[in-house]
Amino acid sequence: MPIRVVGGFHRGRTLRAPRGEDTRPTSDRTREAIFNMLGPLPPHCRALDLCAGSGAMGIEALSRGAGWVDLVDRAAPACAAIRGNLEALGLTDRSAVHRADAAAWLLASAPLAPYDLVFADPPYGSDVLAAIAEALGVRADRIAPGGRVVFEADGEDMPVPPLNIYHCLRARRYGRAHVAIFERVASEPQADTRGTA
């Protein structure tokens, strides 16, 4: 089945997926459902697409008005496919492709500004999503207060980021895919210093 952009300015455009069985693109139906749950993107939204594969999630965000997207994948064929898709749609000036391990990239130095939206859809049956969830706890500063993180996993096997930093907004099943959307807590609890000297 071809991969198509399902909404926004580039709706209907076809995307190229990397060859081989290592990449499992999110279906058009699931992608549309995810963006319906997310609703309109915030102005100048900064997004991050981890384990990006074809880049479909990040490109969908750009099509719907995101100001910038970083797309991360460890496989050279995936990065080549993503670059080709961005070039074909004229989106290279609002994006960057990084060949790296997703969790390791999250743990690296911080970007110019935190992300408003993060997608994480690694290969089913791997431990990558658990590593990403852990990294999101260690580097919560990479996510803006109120920013949302979208996880896609196989069946009920859904790791969660630390619940004192993120809370689950929604969780849905779409066939085999289990999708959960987490939101970063808007503010950290402040110590009550009233009555102290």
Side-chain angles (χ1 to χ4, degrees), residues 1-123 128-129 132 135-136 139 141-144 147-152 181:
M1 291 291 291
I3 308 168
R4 298 184 186 279
V5 181
V6 296
F9 184 79
H10 296 287
R11 181 178 181 178
R13 294 290 298 272
T14 301
L15 303 178
R16 181 170 64 92
R19 293 182 179 180
E21 299 180 358
D22 293 335
T23 300
R24 176 199 39 77
T26 300
S27 71
D28 293 357
R29 173 176 171 267
T30 302
R31 200 163 359 102
E32 184 171 22
I34 288 170
F35 278 91
N36 286 342
M37 286 191 286
L38 290 170
L41 301 184
H44 312 297
C45 172
R46 290 180 58 85
L48 172 63
D49 189 356
L50 297 170
C51 307
S54 66
M57 296 301 292
I59 290 170
E60 192 74 41
L62 289 169
S63 180
R64 293 168 183 256
W68 180 266
V69 175
D70 282 303
L71 302 102
V72 180
D73 202 287
R74 67 187 304 172
C79 290
I82 295 165
R83 290 189 181 97
N85 288 329
L86 292 168
E87 290 170 4
L89 297 177
L91 295 172
T92 57
D93 61 335
R94 294 163 52 202
S95 61
V97 181
H98 311 272
R99 186 182 177 192
D101 173 81
W105 196 86
L106 273 172
L107 292 169
S109 59
L112 295 176
Y115 294 105
D116 304 292
L117 185 58
V118 177
F119 303 104
D121 178 19
V128 175
L129 196 57
I132 290 171
L136 284 168
R139 292 304 307 270
D141 60 308
R142 302 204 83 170
I143 313 303
R148 291 167 291 175
V149 178
V150 181
F151 280 2
E152 182 179 338
I181 300 177

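Just so you know, these numbers come straight off a predicted model, no measurement behind them.
Residues V69 and G58 share a closest heavy-atom pair of CG2-O, 3.6 Å. Taking each heavy atom of P122 and C51 in turn, the nearest pair found is CB-SG, 3.6 Å. Closest approach of L71 and G55 over heavy atoms only: CD2-CA, 3.7 Å. The minimum heavy-atom distance linking A144 with P114 is given by the pair N-CB, 3.6 Å. The two atoms that bring A103 and A135 nearest to each other are O-CB, 4.0 Å, heavy atoms only. For the pair A100 and V72, the tightest heavy-atom approach, listed with the atom from each and the gap, is O-CG1, 3.5 Å.
Between the side chain of D116 and the main chain of R46, a donor-acceptor pair closer than 3.5 Å is present. Of the possible polar contacts, none joining the T92 side chain to the L86 backbone as a donor-acceptor pair under 3.5 Å is found. Checked by atom type and distance alone, the side chain of R13 pairs as donor or acceptor with a backbone atom of A88 at under 3.5 Å. Not one N or O on the side chain of R4 forms a donor-acceptor pair closer than 3.5 Å with the backbone of D28. Not a single donor-acceptor pair under 3.5 Å links the side chain of D73 to the backbone N or O of C79. No donor-acceptor pair closer than 3.5 Å links the side chain of R31 to the backbone N or O of E60. In this structure, R16 contributes its side chain and G84 its backbone to no donor-acceptor pair below 3.5 Å.
For the atom pair CD1 of I59 and CG of L89, the computed distance is 6.0 Å after rounding to the nearest 0.5 Å. Rounding to the nearest 0.5 Å places SG of C45 at 7.5 Å from CZ of R148. The CD1 atom of I82 sits 8.0 Å away from atom CG of N85, with the distance rounded to the nearest 0.5 Å. For the atom pair CG (L106) and CZ (R139), the distance works out to 8.5 Å, reported to the nearest 0.5 Å. Note that the CZ atom of R142 and the CG atom of L107 stand 8.5 Å from one another [nearest 0.5 Å]. In this structure, the separation between CD on E152 and CD1 on I34 is 5.5 Å, given to the nearest 0.5 Å.
R94 CZ: more than 12 foreign heavy atoms inside a 6.0 Å radius.
Side-chain contact between L50 and V128: absent, with no pair of heavy atoms (C-beta onward) separated by less than 4.5 Å.
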Worksheet entry | Residue pair W105, R99: steps toward the side-chain contact (heavy atoms from CB on, under 4.5 Å) verdict | CA-CA 9 Å; W105 196 86; R99 186 182 177 192; over 6 Å; no
